[in-house]
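One structure is given here, and the rest of the page talks about it.
Throughout, residue positions are numbered sequentially from 1 according to the sequence presented. Counting convention: from 1, in listed order, for ligands and their atoms alike. Heavy-atom basis, side chains included; hydrogens, waters and symmetry copies ignored. From a predicted model like this one, the values you see are computed outputs, not experimental measurements.
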Amino acid sequence: MKAAILYAPQTSEKRPLTIGEIPKPQLKTGEVLLRVRACGVCRTDLHIVRGELPAQRSPLVPGHQIVGEIVDGATAELPAGTRVGVSWMGGVDGTCSYCRRGLENLCDLPTFTGYSADGGFAEFAAARADFVFPLPDNLDDLHAAPLLCAGIIGFRSLRVAGVEHGDHVGLFGFGASAHLAISVLRSWDCQVYVSTRGSTHRALAASLGAAWVGTEKEKPPVALDRAITFAPSGDVVVAALSSLRKGGVVAINAIHLDRIPEFDYDRLLWGERQIRSVTNMTRSDAHDFLDTASRIGLRPKAVAFSLGHANEALLAIERDSVDGAAVILPGGG
Ligand SMILES: [Zn+2]
Ligand SMILES: [Zn+2]
């Protein structure tokens with residue numbers, strides 16, 4: 001099969017992916033074989049190809065936002081031809097103390113699609129049958145793929161923040177995750193306050209129904225019930241805290257923060273305010289988000305690339321030169 005393969009980490013300019021032929025994946029017990037119809041490109045893929053995340057296997061086929069149809073390993077619940085999505089969490093051990101408590105997002109031995117297992121920048125991909133999500137018909141391939149990472153994790157952030165119907169919610173930063181989360185929040189009748197750098201992001205937030213839009217230096221005009229921060233910056237976390245009502249929650253949607261600056265406990269945290277981090281996702285987050293996305297007709301902006309242009313897709317993400325999400329369509333090239 002044709003695939004985009006990472007043999008050694010490189011900067012995006014040096015075309016890290018080799019487009020070539022490799023054998024189709026051999027299925028292990030409990031796996032299904034997918035003919036890949038689309039695979040989204042995520043910022044995490046950049047960290048992987050550049051070697052900023054330590055290599056887990058080599059060679060590697062990256063890609064963790066896969067839309068595919070089942071062509072082998074079909075089961076009664078997942079008949080051949082079923083169109084499914086695969087996300088970053090490709091599997092958990094099911095036996096560690098976190099899995100046993102229903103906290104599979106915190107599993108001690110997870111499998112990450114397109115990182116510790118081969119992913120979807122290829123004509124075919126193997127996936128654990130219990131970690132694929134049947135896709136609603138009204139989410140087409142190109143527009144479903146970008147939902148499978150940023151969308152699901154953004155949705156989990158809303159849960160971790162404890163968002164309730166009608167809440168005043170602050171979004172600090174407005175990238176891929178936030179611009180999907182705002183539509184979910186609007187469908188819950190929440191008032192959304194967006195602080196972000198960059199006038200194009202502010203214009204997009206306004207067009208998607210934000211009640212208020214400001215720069216990263218401005219404060220929302222109301223006390224927030226919940227806030228979600230997306231920037232890898234501790235200053236942003238403190239800015240979010242300073243806008244929070246008593247009993248409110250800040251959820252941090254970032255794998256890495258530069259630091260947490262010193263802040264005034266009496267004024268910013270006392271009053272049962274909470275700071276929580278958001279880590280990975282569970283299968284129920286994925287199911288519930290995809291149901292919501294289908295119901296509200298969520299349609300992210302997406303631009304198609306052929307598999308032969310996988311390096312160009314990475315470069316476009318790196319340079320922020322693509323208007324929306326980049327999605328590889330292996331059938332189209
Ligand atoms: Zn991702
Ligand atoms: Zn586990």
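- For the residue pair Y115 / H64, no side-chain donor-acceptor distance below 3.5 Å is found, with atom types taken as modelled.
- The closest approach of D93 to the Zn ion (ligand 2), by N/O/S atoms, is made by OD1.
- The only member of T111, V32, V86, V92 that meets side-chain contact (heavy atoms from CB on, under 4.5 Å) when paired with F131 is V92.
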Begin with the C-alpha distance, continue with both residues' side-chain angles, and end with the deciding distance and a verdict on salt bridge (Lys or Arg N to Asp or Glu O under 4.0 Å) for K2 and E123. CA-CA 6 Å; K2 194 170 168 186; E123 290 175 310; over 6 Å; no
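- For C99 atom SG and C107 atom SG, the angle they make at the Zn ion (ligand 2) is roughly 110°, to 10 degrees.
- Between R83 and the options D137, D140, D141, a side chain to side chain donor-acceptor pair (under 3.5 Å) holds for only D141.
- Here E104 does not reach the Zn ion (ligand 2): none of its N/O/S atoms is less than 2.8 Å from the metal.
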